[in-house]
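Reckoned from all heavy atoms, side chains included, excluding hydrogens, waters and symmetry mates. Every chain is numbered from 1 and lettered A, B, ... according to where its sequence line falls, protein lines coming before strand lines. These numbers come from a predicted model, not from an experiment.
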Amino acid sequence: RKEVEQDPGPFNVPEGATVAFNCTYSNSASQSFFWYRQDCRKEPKLLMSVYSSGNEDGRFTAQLNRASQYISLLIRDSKLSDSATYLCVVKPWYGGSQGNLIFGKGTKLSVKP
Amino acid sequence: GAVVSQHPSRVICKSGTSVKIECRSLDFQATTMFWYRQFPKQSLMLMATSNEGSKATYEQGVEKDKFLINHASLTLSTLTVTSAHPEDSSFYICSAPASFTSTDTQYFGPGTRLTVL
């Protein structure tokens, strides 16, 4: 089983739509969770961290279910500029703070006019 | 905010040559930097962890003699792809943690696209 799994998409949605992405991770000892955004041929950029209590940043809402090892991202009122690949990212617990990140393959979103 | 730069952004080379990629933290110090590789339609995969003042730590399956890493200072790490072959063509990205105490926030360089002919 892959460490971080995502539906690759693509998700093709009209402007204004609400779209949800899901992600599962295999290491139950994982300590930190993130959603990154990657535009074509660019580096990934942090979109938001994900907390067990759920967190919201404008049109973006992230949820974490540790029991199910499941992470989600909800985008409301999609904009054309939201078109990108969304990466689910997990930081495993290595007994210290200096740990690397583990990336999913990403879910591609295309928002159409 | 903090910025990580990479140089070059793109390189095309002949098979058998060596290519050096630089990763710099521009306004902060990084005792640790991470080197990732991303093949088309694949996820970023960690290749190695670069440590200032000590040897790099390589992930399983990554040849340390082929991918030489030197963390020369608190702001510079270099990755040298030795005797490059077409299968080494990929997008190489470095990252640096924002602080000494936590790697939760990492700043990524813009990446280097390597094409080996």
- Do A:F60 and A:L109 sit in the same hydrophobic cluster, where Ile, Leu, Val, Met, Phe, Trp and Tyr count as joined when their side-chain heavy atoms come under 4.5 Å apart? yes
- Kindly check if the number of other-residue, nucleotide or ligand heavy atoms within 6.0 Å of CE (A:M48) is above 12? yes
- Message: Grouping I, L, V, M, F, W and Y whenever their side-chain heavy atoms are under 4.5 Å apart, do B:M33 and A:L46 come out in a common cluster?
- Response: no
- Note on the structure: OG1 of B:T112 to CD of A:E43, rounded to nearest 0.5 Å, is 11.0 Å
- Task: Find the distance between OH (A:Y36) and CG (B:L44) and round it off to the nearest 0.5 Å.
- Result: 10.0 Å
- Most contact-rich option vs chain A, by heavy-atom pairs under 4.5 angstrom, among B:S9, B:G109, B:G111, is B:G109
- Message: Counting neighbours of OH on A:Y51 that are heavy atoms of other residues, nucleotides or ligands and sit closer than 6.0 Å, is the number greater than 12?
- Response: no
- Would you say the side chain of A:V4 lies within less than 4.5 Å of the side chain of B:S43, judging by non-hydrogen atoms? no
- Take atom NZ in B:K20; do more than 12 heavy atoms of anything else shown fall under 6.0 Å from it? no
- Task: Please look at B:F91 and chain A and tell me whether the side chain, the backbone, both or neither of the residue comes under 4.5 angstrom of a heavy atom of that chain.
- Result: side chain
- Query: CG/A:L101 to OH/B:Y36 distance, rounded to the nearest 0.5 angstrom?
  - Reply: 4.0 Å
- Shared hydrophobic cluster for B:V11 and B:W35 (ILVMFWY, side-chain gaps under 4.5 Å): yes
- Message: Assess, by modelled atom type and distance only, whether the side chains of A:Q38 and B:Q38 contain a donor and an acceptor separated by less than 3.5 Å.
- Response: yes
- Kindly determine whether B:K41 and A:K108 satisfy side chain to side chain contact (heavy atoms under 4.5 Å, CB included), including the steps that lead there. CA-CA 10 Å; B:K41 299 188 188 300; A:K108 187 172 182 179; over 6 Å; no
